[in-house]
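Positions are given from 1, in the same order as the sequence printed here.
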Amino acid sequence: MFKRILAIVLALTMPLCFTACDKKYTEKDLPQYASKQFEISGFWAPYEISEESFQQYKDVGFTTLAMINHSLGYTSEEQFYLGSDRTMTALEYCKKVGLNAILNYNDWIVPRCEEDEDFYGETPFSKHDIYGEYKDIITGIHICDEPYLKNWNNENHFETYGNKTLVEDFKKVYPNAKFIVNLIPITAVSSRGFDSYDEMMELYEKTFMEPFENPFVSVDVYPFHQNYTLDDGTLLSNYEYIANSAKKYNVKPAYILQSSVGGADEGKKEFEMSLSESDLRWEIYNALAFGADTLQYYCYSVPKSFDEDGNSVYMYDNCILNRDDTPSDVYYSLQKLHKEIQSFADVILSYDWDTTIGVSGSVDQTFRVCPLEYDENLEFVTLKNTENYVSAKGTQDMIVSRFTSDEYGEAYMFLNWADREKSNTVTAAFKDCTAVAIYGGEDYSGTPEIVTLDEEGKLELELAYGEGVFVTPLTK
């Protein structure tokens with residue numbers, strides 16, 4: 001594991017005269033957290049609906065099948081929507097292999113598949129309330145992606161999908177499921193008819209969060225474009241918007257992460273031609289640093305269309321799967337990373353995200369953390385009124401997140417934001433604690449490192465590119 005804990009500890013030659021404050025902690029002293037796990041899924045969903053295909057999907061570390069894939073023909077057997085044959089068959093295999101499921105509302109595709117013009121009607125969830133034996137595994141229904149205030153057909157998705165009849169029908173039939181509406185990133189908000197992200201978030205909260213007891217909020221930001229870094233540079237600001245909305249409604253957010261590589265065979269490639277394990281870790285740990293309990297990937301299968309001769313035309317070189325539906329390098333990297341984060345899910349998910357700040361490096365700076373390093377008056381932002389955190393500095397850029405829990409107190413996450421391949425030597429100072437437990441990071445497998453702090457409460461970490469750690473102070 002490319003992480004060195006260099007805590008400045010008492011020399012072994014010093015007299016062994018410890019007071020109560022010098023207690024040596026062991027794993028037995030750590031809190032016993034309740035069992036939790038991240039919900040993880042990816043789309044496009046598998047093309048083949050079979051036990052073998054779904055088992056391969058599960059084995060990457062996915063917990064939930066996201067029924068999003070509209071590359072095939074417009075028939076009930078080939079498309080996911082309420083009442084389709086494909087949805088029912090997929091649920092059967094989900095139950096068989098042990099996956100949860102996110103259904104797809106897909107109202108725009110229904111008229112192409114069904115002759116009945118009123119197939120959905122005004123109360124589609126009640127009309128197609130046929131999944132009773134599977135409701136224990138249905139965690140949500142995907143309603144709309146990147147909603148428009150006004151699109152090319154003069155449709156207002158906030159009015160269409162936020163209308164009271166539809167929402168109340170959903171709540172009646174699926175009281176424990178998420179009403180999933182995913183947001184566009186900051187860089188494209190004007191394309192949805194808004195003047196600002198604040199304007200969009202205000203309407204989103206009112207329309208899609210306030211009506212629900214446990215609302216959902218998510219965004220997709222893809223930072224590894226070919227020769228395009230705007231999403232990378234705005235990721236922190238975007239995640240802060242989403243995390244703050246989740247915090248306001250006392251829920252945890254979701255983030256959709258990039259797992260697609262390259263592009264179509266013809267024309268300019270959309271994304272970079274490879275995603276390393278460290279790139280993917282960096283994406284995942286950013287989501288964790290902003291309080292996520294749900295991760296989703298774009299894409300699992302490679303999206304495709306068909307030319308006039310019936311030949312497949314692929315959107316990307318590969319995703320989590322290759323074009324022939326075999327596992328790609330991304331698959332095996334994510335398989336490892338999902339085990340890594342699930343091994344401390346009990347811990348991090350027992351805390352709630354509170355805030356995140358940026359800290360520029362003392363040796364190198366990318367200027368990407370500046371939005372979280374300065375306030376609107378260009379004053380440095382700090383973590384105020386903390387229980388244990390005092391300060392942090394590093395040789396490279398990083399972010400520091402504070403998490404809180406009524407039961408366990410505060411915890412902190414440190415994430416290296418250096419350019420690729422650059423490690424970050426981080427020195428963090430704490431107060432009112434003599435040791436810390438460190439969870440996560442490269443090759444983490446479930447056993448926390450317990451480190452005694454020096455007399456000044458300092459801890460030194462060496463974080464590889466893409467690496468983050470979750471730190472809980474030990475105070476008792």
Side-chain angles (χ1 to χ4, degrees), residues 43-44 66-71 74 79-82 102-113 117 119-125 140-171 178-212 215-222 225 228 230-231 234-235 237-242 244-246 248-249 253-258 260 270 294 296 298-299 303 305 315:
F43 63 98
W44 270 193
M67 296 188 188
I68 304 171
N69 180 336
H70 46 258
S71 286
Y74 296 122
Q79 294 293 337
F80 293 115
Y81 54 89
L82 302 179
I102 296 171
L103 307 188
N104 199 337
Y105 185 54
N106 246 354
D107 61 323
W108 64 273
I109 216 165
V110 169
R112 308 183 189 192
C113 302
E117 294 182 0
F119 185 80
Y120 265 7
E122 293 185 358
T123 55
F125 306 106
I141 299 181
H142 182 270
I143 303 296
C144 178
D145 186 42
E146 302 177 341
Y148 282 84
L149 184 62
K150 184 178 181 181
N151 69 4
W152 55 89
N153 287 328
N154 290 320
E155 295 174 317
N156 183 324
H157 289 160
F158 291 82
E159 292 180 354
T160 299
Y161 301 115
N163 82 78
K164 186 174 181 179
T165 300
L166 185 72
V167 168
E168 291 303 315
D169 185 47
F170 177 91
K171 290 163 66 176
K178 300 170 185 173
F179 191 87
I180 298 174
V181 177
N182 176 62
L183 286 164
I184 195 110
I186 285 175
T187 51
V189 66
S190 62
S191 71
R192 264 44 188 175
F194 292 96
D195 293 327
S196 69
Y197 217 72
D198 287 309
E199 180 190 9
M200 184 183 72
M201 290 304 303
E202 182 179 356
L203 183 59
Y204 179 91
E205 289 178 359
K206 180 179 180 181
T207 307
F208 299 123
M209 298 188 75
E210 285 184 9
F212 297 94
F216 177 89
V217 60
S218 72
V219 70
D220 51 355
V221 181
Y222 306 143
H225 282 83
Y228 177 80
L230 201 54
D231 281 333
T234 59
L235 184 143
S237 296
N238 221 145
Y239 278 19
E240 185 181 41
Y241 268 108
I242 302 305
N244 274 320
S245 283
K248 179 178 178 180
Y249 290 91
Y255 300 98
I256 300 178
L257 312 181
Q258 178 184 341
S260 301
E270 180 179 359
T294 301
Q296 194 171 79
Y298 176 81
C299 295
S305 57
M315 189 176 293

**Message:** Within the supplied structure, the quantity of interest is the number of heavy atoms (other residues, nucleotides, ligands) at a distance under 6.0 Å from E202 CD; does it exceed 12?
**Reply:** no

**Message:** Tell me whether E210 at atom CD has more than 12 heavy atoms from other residues, nucleotides or ligands lying less than 6.0 Å away.
**Reply:** yes

On a heavy-atom basis, which atom in [X] and which in [Y] lie closest, and how many Å separate them?
{"X": "Y197", "Y": "L183", "result": "OH-CB, 4.1 Å"}
{"X": "K171", "Y": "P211", "result": "NZ-O, 2.7 Å"}
{"X": "P147", "Y": "R192", "result": "O-CG, 3.0 Å"}
{"X": "H142", "Y": "N104", "result": "O-OD1, 3.5 Å"}
{"X": "N238", "Y": "P185", "result": "OD1-CA, 3.1 Å"}
{"X": "L149", "Y": "G193", "result": "CD2-O, 3.4 Å"}

**Item:** Option from W44, F43, Y81 for which ring-ring contact (aromatic ring centres under 6.0 Å, His included) with H70 holds
**Value:** W44

**Message:** For F125 together with Y105, are the ring centres under 6.0 Å from each other?
**Reply:** yes

**Asked** Is the F158-F194 ring centre distance short of 6.0 angstrom?
**Response** yes

Are any of the side-chain heavy atoms of [X] and [Y] separated by less than 4.5 Å?
{"X": "Q258", "Y": "D220", "result": "no"}
{"X": "S218", "Y": "Q296", "result": "no"}
{"X": "T207", "Y": "Y161", "result": "no"}
{"X": "C144", "Y": "D107", "result": "no"}

**Request:** Just say parallel, tilted or perpendicular for the rings of Y222 and H225, cut-offs at 30° and 60°.
**Result:** tilted

Under the 3.5 angstrom rule, does the side chain of [X] hit a backbone N or O of [Y] as a donor-acceptor pair?
{"X": "Y148", "Y": "N153", "result": "no"}
{"X": "N156", "Y": "E159", "result": "yes"}
{"X": "T234", "Y": "S237", "result": "no"}
{"X": "Y204", "Y": "V181", "result": "yes"}
{"X": "D169", "Y": "T165", "result": "no"}
{"X": "S260", "Y": "Y298", "result": "yes"}

Taking atom [atom1] of [X] and atom [atom2] of [Y], what is their separation to the nearest 0.5 Å?
{"X": "F179", "Y": "I141", "atom1": "CZ", "atom2": "CD1", "result": "9.0 Å"}
{"X": "N151", "Y": "T160", "atom1": "CG", "atom2": "OG1", "result": "8.5 Å"}
{"X": "N182", "Y": "E146", "atom1": "CG", "atom2": "CD", "result": "6.0 Å"}
{"X": "L82", "Y": "Y120", "atom1": "CG", "atom2": "OH", "result": "3.5 Å"}
{"X": "E205", "Y": "M200", "atom1": "CD", "atom2": "CE", "result": "10.5 Å"}
{"X": "S191", "Y": "I184", "atom1": "OG", "atom2": "CD1", "result": "4.5 Å"}

**Message:** Under the criterion side-chain contact (heavy atoms from CB on, under 4.5 Å), I'd like the reasoning laid out for F80 against I68: C-alpha separation, chi angles, the key distance, then a yes or no.
**Reply:** CA-CA 7 Å; F80 293 115; I68 304 171; over 6 Å; no

**Item:** Candidate pair F212 and Y249, rule ring-ring contact (aromatic ring centres under 6.0 Å, His included), full reasoning
**Value:** CA-CA 10 Å; F212 297 94; Y249 290 91; over 10 Å; no

